[in-house]
Amino acid sequence: MPKRLMIVLAAAALAIAACHNSSSVTPQPSGSPASPVPNPSVTRATIQVTILGTPAARIPVQESTPKNTASPRPGTPFETRHTNAKGRAFFSHLKPSKTYCWVALLSPGHTSSECAGWSVWQTSIINLGT
């Protein structure tokens, strides 16, 4: 083996060993930790509707609670909002402990839906569409 290659390999081995022997590095959890309980001050959900990746304006979005929380599927809608020019609809006055469902009526016979618990709708945008 050429001397230069042996030196490079030895240096790499020492660098790897030094990294693994460091006791001052504390492993960090991957991702951001979620709150274990709903935040009572967050009572609004944002729904983003896209069609072929483009924000869709004036799309009706229906809100409901699931028929069965064990296998959430949209129930009977109790509120409908239309998306704005940026393709977003906002639903307020939500109860932080509840699961909600949203259905975007994209065109006759074509819908997109999602049901989400507080850990999703309180912390992220619900994306519907194609």
Worked check of side chain to side chain contact (heavy atoms under 4.5 Å, CB included) between Thr50 and Thr130: CA-CA 6 Å; Thr50 58; Thr130 59; 5.8 Å; no
Listed once per pair and sorted, the disulfide bond (SG atoms under 2.5 Å apart) pairs that draw on residues 67-130, sequence neighbours left out: Cys101-Cys115
Co-membership, hydrophobic cluster, residues Val49 and Leu105, 4.5 Å side-chain: no
Option passing side-chain contact (heavy atoms from CB on, under 4.5 Å) with Leu106 (candidates Thr111, Leu128, Ile51): Ile51
Distance (rounded to the nearest 0.5 Å) between Ile47 CD1 and Ser113 OG: 11.0 Å
Stepwise side chain to side chain contact (heavy atoms under 4.5 Å, CB included) check, Thr83 with Arg88: CA-CA 5 Å; Thr83 56; Arg88 292 188 174 184; 5.9 Å; no
Closest contact, heavy atoms only, Gly129 versus Ser112: N-OG, 2.9 Å
Gln48 vs Pro55 side-chain heavy atoms within contact, under 4.5 Å: yes
Cluster overlap Leu94 with Phe78, hydrophobic side-chain contacts below 4.5 Å: yes
More than 12 heavy atoms from other groups under 6.0 Å of NE2 on His82: yes
Any Phe91 side-chain heavy atom under 4.5 Å of Trp121 side chain: no
Report all side-chain donor-acceptor pairs from residues 60-68 shorter than 3.5 Å, counting only partners two or more places apart or in another chain.
residue : atom : partner : partner atom : Å
Ser64   : OG   : Gly75   : N            : 3.0
Asn68   : OD1  : Ala70   : N            : 2.8

Spacing of OH belonging to Tyr100 relative to CD1 belonging to Ile126, to within rounding of 0.5 Å: 12.5 Å
Taking every non-hydrogen atom, the tightest pair across Ala85 and Ala57: CA-CB, 3.9 Å
Contact check, side chains of Asn39 and Gln122, non-hydrogen atoms, under 4.5 Å: yes
For the student: nearest non-hydrogen atoms of Trp102 and Ala45, plus distance: CZ2-CB, 3.7 Å
Steps toward side chain to side chain contact (heavy atoms under 4.5 Å, CB included) verdict (Phe90, Arg44): CA-CA 7 Å; Phe90 303 95; Arg44 176 175 144 150; 2.9 Å; yes
